[in-house]
Structures are given as structure tokens and as C-alpha cells.
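We number each residue from 1, following the sequence as shown.
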Amino acid sequence: MRPRTILAFCCGLFSLGGQTLLLAECLATVAGGEIWISSLMGVWYLAAAIGSLGVRRIRGEASRSIETAEVLSLTSIPVLCAQYLGIVLLGGGDDSILPMHQILRWSVLIAGPGGLLSGSLLAILCRRNDEEASPIAGVCISAALGGIVGGTSTSFSLHQGLRMPAILLWGAIVVCFAVTAATRIRPNRKLRWVGAACLAFLLMALILRVDIPATQAAHDRHWSQLVPGASVDGSFRTAQAEYLCGTDEDRWVVVREGGVHDVVGDRTQAGKIAAMALSQNFTAQRVLVIGQGLSVCERFLKSPNVNAVDWFDPDPGYIQALQTRLPQAFQISDPRFHCPTDEIRTVLADKPATYDVVVVNLPRVVDGRLHEFSTVEFFERIKRSLRPLGVVVVGIVGDRNAPGEPGHQGAWVESTLDAVFAQTLVTPDGPRTFFISAAEAYLQVSPISLQTRFGLIENAGEIYPVESVEQVYRPDLSV
């Protein structure tokens with residue numbers, strides 16, 4: 001096998017495997033992952049084109065030398081590590097989506113070097129010299145095979161739960177092994193020793209499992225920015241994302257994608273959401289909670305009138321994974337509590353006129369995966385699943401007056417609810433906003449009346465302080 005063919009395979013492996021890894025890490029770390037993917041991929045392709053054009057303008061042996069390709073192949077290892085470090089440093093802080101100019105700036109810093117390197121390397125491998133006239137088609141086929149192997153193996157490793165630093169380490173070993181093999185086929189004493197030394201170093205790192213403390217350091221930084229002062233207990237992964245979990249005083253917090261995904265044990269906030277619904281329909285018997293809501297379910301179960309509470313999360317694997325890690329103190333053993341495993345639209349279609357209360361509590365700014373839970377079609381399904389006097393409570397981040405993406409989301413959700421339901425009340429709650437909707441105009445707006453209705457529930461004080469209900473609704477904003 002020719003050295004250029006081996007290095008072309010290595011180039012494809014680095015390009016597709018490395019970018020798959022970084023895009024997956026971006027989705028797991030920052031909010032607005034779909035926007036980031038478009039920006040990172042666009043910058044990467046542009047940088048690859050610039051690198052390729054730059055090589056074509058360089059005259060001399062360096063622009064076609066196999067030694068230059070070997071050096072660039074080894075350089076891909078620190079470049080990929082630097083890209084990963086950039087995403088780790090970028091993640092955390094809050095769950096808001098950065099302005100577009102900042103996303104582009106970070107994309108250039110993160111994806112630009114890798115794109116330049118890949119474009120330059122492939123251009124050098126495709127240029128012929130007098131000593132070795134490798135067919136360009138063979139180089140391109142080898143690069144394509146490397147891309148297939150790199151992308152497939154990276155995706156499979158992530159699906160199996162292998163951590164990012166471990167995948168990086170294995171990829172670096174493959175690259176070093178390929179460069180070492182190429183230098184042995186085409187004698188290059190200096191690079192042969194460099195490649196062998198790098199390979200020995202990486203194998204020692206693999207034996208010592210340095211990926212474990214690296215993963216822990218990344219998790220600790222991400223966690224400390226989102227939940228300062230709390231301790232991270234571990235993590236779990238589903239097909240959609242990786243979650244960090246830990247204890248914050250008497251609460252159990254779950255973090256995902258640059259923001260807090262769920263807070264279990266926050267009885268005040270969960271009780272407030274339950275009070276918004278039960279003060280409108282204090283005879284509610286069947287409740288459906290979608291999204292952030294284990295504690296919300298627990299608050300609804302405090303009412304003896306409630307016969308069943310169903311909980312569904314947008315990530316189908318989240319609930320089962322959560323329950324295996326959840327401390328016993330936060331577990332719900334009530335037989336009235338259920339977690340349907342079917343797709344939520346199937347559940348709603350199979351249960352028309354079933355629920356008295358539906359809570360849609362979206363944990364962060366709506367992205368591509370959450371957008372399907374704020375459409376007209378979805379709310380129409382919810383409307384058909386309501387019984388007479390049924391109410392819908394929708395919680396989002398931000399409101400229509402907030403700047404940036406939270407403001408767009410607030411305006412979008414409010415206009416969508418107005419298009420589907422006959423009456424919608426707005427209830428601001430700090431960084432979040434709740435909308436209470438009904439199929440007919442029977443919602444109450446008087447705080448005193450709502451407090452009285454909520455007080456009619458047996459054990460109402462265990463759900464939420466009755467005297468605080470009048471502070472939940474704002475008549476001046478509930479329009």
C-alpha cells in the first residue's frame with residue numbers, strides 16, 4: 001500500500017470522525033445546537049477550501065511532498081484536541097443562545113484550524129511528484145473510506161456511551177499508527193521516530209486511562225458554571241444527549257446542553273405550576289405532564305382527587321435513565337403515577353377527551369427537538385385530549401418582551417396558543433413565563449377567586465401554600 005493512500009485514509013478519518021465527535025460534543029454542551037452545527041460545518045468547509053487553494057498556489061516540493069503530508073497528519077492530533085477544548089470552554093454559563101456574530105466568531109476559532117488542515121492535507125496528497133505518481137482517484141477513494149470508518153465508528157462509540165476524551169485518544173492512536181506505517185514504507189528516519197514516540201506516548205496514556213480525569217474535569221467545569229456550589233454525582237447518556245446529575249442542597253439537578261434540564265425536589269416551583277392548573281380546575285382527576293416535571297407530578301399526586309398522572313419527556317430514553325440514577329428520597333412509588341413509553345402524539349391520539357390538566361413544561365429555549373412541542377398541530381392534539389373544563393399550562397424560558405431568542409420563543413408560543421385555544425392567560429414567573437389556556441373562555445382571572453377555589457382541594461397546603469396563590473396570577477398581565 002502506498003504512503004499517500006494510507007495518509008489519505010488518515011485524512012478522511014480525521015475529517016469525518018473528528019467533526020462528528022466535535023458536533024456531538026457541541027450538541028451536548030451548548031444551547032441552540034442546530035445553529036451551531038450549521039455554523040461550524042460552514043466554517044469548516046470554507047476553511048478546507050481556503051487550505052486547498054493555498055496549497056495550489058504554493059510552488060515547490062513542499063506543496064507535494066509526502067513528508068509534508070506526514071507532518072500535517074501528526075499535526076491533526078493537537079488540532080483536534082484544541083477544538084475539543086474550545087467547545088468545553090464555550091459550554092456552560094446559561095441556556096441562552098449566543099448572538100449570531102459570536103457564534104460565527106467561535107466557529108472560526110473551533111472549526112477553522114481543522115478545516116484548513118484537512119483541505120491542505122488532501123490537496124497535497126492529490127498532487128503528484130516524480131517519485132510517486134499515485135492516482136488521484138485512489139487517494140480520493142481512500143479518503144472516502146477513512147471518512148466512512150471515522151464517522152461510523154465515532155457514532156457507534158458515542159451510542160455505546162464511550163466518552164469524548166476516550167474516543168479522541170483512540171483516534172489519535174490510529175493516526176499515529178498510520179503515519180508510522182507510512183514512514184516505514186517510505187524510509188524517513190526523523191519522522192519515523194517522531195511518529196513512534198507519539199504512538200508510545202498515546203498508548204501509555206491509554207493504559208493509564210488519562211481519559212477518565214479529562215472527562216471528569218470537563219464535567220466539573222460544565223457543572224460549576226450552571227450549578228455553582230453543588231457537587232456533580234455522575235452522568236448518564238441516552239440516544240439524544242448526555243446528562244450530568246448531582247445534588248444541590250435538598251434538590252437533585254440534571255444538566256443538559258448548556259442549561260439545567262430538570263430540578264427534582266424543588267417543591268416550591270413545582271407546587272406553583274400545580275397550583276396554576278388546580279386553581280382553575282380543582283376537581284381534576286387525570287393529569288398529563290410533558291417535559292421538566294417529576295416534581296410537578298409529585299405535587300399533583302398530593303391531591304386525593306387525582307386518579308392518574310402520566311409523565312412524558314421529549315427524550316424517550318430520559319425517564320428510564322433518570323429513574324436508575326435517582327436517589328431513593330426522590331423516587332415516586334405512587335401507583336397512580338405512570339410513564340408511557342409510546343410516542344406522545346400516539347398517546348394523545350389514543351386518548352381523546354381524557355385529561356383534565358395537561359402541563360407542557362419546556363426546560364430551555366426551544367431548539368429543533370423541542371420545536372415539535374410548540375406547534376399548532378401539537379396543541380390541537382392536546383386540545384382534543386382535554387375533557388370539559390380542561391386546562392393547559394405551558395411553561396417556557398423568557399417571554400415576548402425578552403431580548404433575543406427567548407423573546408422570539410415567547411411571541412411564537414403565545415401566538416400559537418391564541419390560534420388554538422379560545423382563552424389564554426399569561427403568568428410571568430421570573431426568567432420563565434407560563435401560559436394557561438382553555439378550549440372555551442371559562443378561565444378565572446381574579447386572584448381571590450382562584451385562591452378560594454384552590455383552597456377547596458383537600459391537602460391543598462401540601463401542594464402549595466394557599467395564601468400564596470393570589471401572588472401567582474397577575475390580573476394586569478393575564479389577558
Is there a side-chain contact between L168 and L80, using heavy atoms and a 4.5 Å cut-off?
-> yes
Assess whether atom CZ of F177 is packed by more than 12 heavy atoms of other residues, nucleotides or ligands within 6.0 Å.
-> no
Side chains of F312 and V347: closer than 4.5 Å at any heavy-atom pair?
-> no
Is Y45 atom OH crowded by more than 12 heavy atoms from other residues, nucleotides or ligands, each under 6.0 Å away?
-> no
Judged by atom type as modelled, is there a donor-acceptor pair below 3.5 Å linking the side chain of S279 to the main-chain atoms of M276?
-> yes
Between the side chain of S153 and the main-chain N/O of G150, is any donor-acceptor distance below 3.5 Å?
-> yes
Less than 4.0 Å between a side-chain N and a carboxylate O, is that true for R299 and E462?
-> no
Look up atom OG in S39 and atom CH2 in W106, then write down how far apart they are to the nearest 0.5 Å.
-> 12.5 Å
Start with the C-alpha gap between N305 and T283, add the side-chain angles, then the distance that decides, and say whether side-chain contact (heavy atoms from CB on, under 4.5 Å) holds.
-> CA-CA 6 Å; N305 296 331; T283 61; 5.5 Å; no
Is the backbone N or O of R345 less than 3.5 Å from a side-chain atom of E343, with the two atoms forming a donor-acceptor pair by type?
-> yes
For V296 and A270, the nearest pair of non-hydrogen atoms, with its separation, is N-CB, 3.7 Å
Can you list the residues that meet the side-chain contact (heavy atoms from CB on, under 4.5 Å) rule with D334, with sequence neighbours excluded?
-> L301, I332, R336
Side chain to side chain donor-acceptor pair (under 3.5 Å) evaluation trace for T238 with D315 | CA-CA 8 Å; T238 67; D315 183 349; 2.5 Å; yes
Could you grab the distance from atom OG of S235 to atom CZ of R237, nearest 0.5 Å is fine?
-> 8.0 Å
Heavy-atom side-chain proximity of F435 to T427 below 4.5 angstrom = no
All ring-ring contact (aromatic ring centres under 6.0 Å, His included) counterparts of Y318, not counting sequence neighbours = Y243, H261
Sidechain N-carboxylate O distance under 4.0 Å for D356, R286 = no
Is a side-chain N or O of Q444 found less than 3.5 angstrom from the main chain of S449, in a donor-acceptor match?
-> no
Taking atom CD of Q323 as the centre, report whether more than 12 heavy atoms of other residues, nucleotides or ligands fall under 6.0 Å from it.
-> yes
Should S385 and L288 count as side-chain neighbours, where that means a heavy-atom distance under 4.5 Å?
-> no
Does a side chain donor of either T416 or D418 reach within less than 3.5 Å of an acceptor in the other side chain?
-> no
Before giving the answer on side-chain contact (heavy atoms from CB on, under 4.5 Å), spell out for V254 and L322 the whole-Å C-alpha distance, their side-chain angles and the decisive distance to 0.1 Å.
-> CA-CA 9 Å; V254 181; L322 173 72; 3.9 Å; yes
Taking NZ, NE, NH1 and NH2 as the nitrogens, is one of them in D233 or R325 under 4.0 Å from a carboxylate oxygen of the other?
-> no
Passes side-chain contact (heavy atoms from CB on, under 4.5 Å), V289 versus N361? Steps please.
-> CA-CA 8 Å; V289 179; N361 195 21; 5.6 Å; no
Does the D211 side chain pair with the main chain of P165, one donor and one acceptor, at a distance under 3.5 Å?
-> no
Go through the structure and list residues passing side-chain contact (heavy atoms from CB on, under 4.5 Å) with T20, not counting sequence neighbours.
-> T154, S155
Y355 side chain to A284 backbone, donor-acceptor under 3.5 Å = no
Does the side chain of E298 come within less than 4.5 Å of L294's, by heavy atoms?
-> no
How close do F300 and A274 get, heavy atom to heavy atom, and via which atoms?
-> CZ-CA, 3.7 Å
Would you give the length of the straight line joining atom CG of L450 to atom OG of S446, rounded to the nearest 0.5 angstrom?
-> 6.5 Å
Are any non-hydrogen side-chain atoms of W252 and L326 less than 4.5 angstrom apart?
-> yes
Starting at CD1 of I344, measure out to CD1 of I290 and round the result to the nearest 0.5 Å.
-> 4.0 Å
Which atom of M164 lies closest to which atom of Y84, heavy atoms considered = CB-CE1, 3.6 Å
Looking at side-chain heavy atoms only, is the closest gap between F337 and W311 below 4.5 Å?
-> yes
Hey, what do you get for CD1 (I110) to CH2 (W44), rounding to the nearest 0.5 Å?
-> 15.5 Å
Please name the pair of heavy atoms, one in E467 and one in Q451, separated by the smallest distance, quoted to 0.1 Å.
-> O-OE1, 3.7 Å
Minimum side-chain heavy-atom gap T424-I436 below 4.5 Å | no
Can you tell me how far the NE2 atom of H338 sits from the SG atom of C297, to the nearest 0.5 Å?
-> 11.0 Å
Run the side-chain contact (heavy atoms from CB on, under 4.5 Å) check on L348 and R384 step by step: do they pass?
-> CA-CA 8 Å; L348 293 173; R384 290 192 290 269; over 6 Å; no
List the atom of T268, the atom of Y464, and the distance in Å for their closest heavy-atom pair.
-> O-CE1, 3.6 Å
Hey, does the side chain of Q423 reach the backbone of Y442 with a donor-acceptor pair shorter than 3.5 angstrom?
-> yes
Of all the heavy-atom pairs spanning I457 and S303, show the shortest one and how long it is.
-> CG2-OG, 3.6 Å
Over 12 non-hydrogen atoms of neighbours within 6.0 angstrom of CD in E440 | no
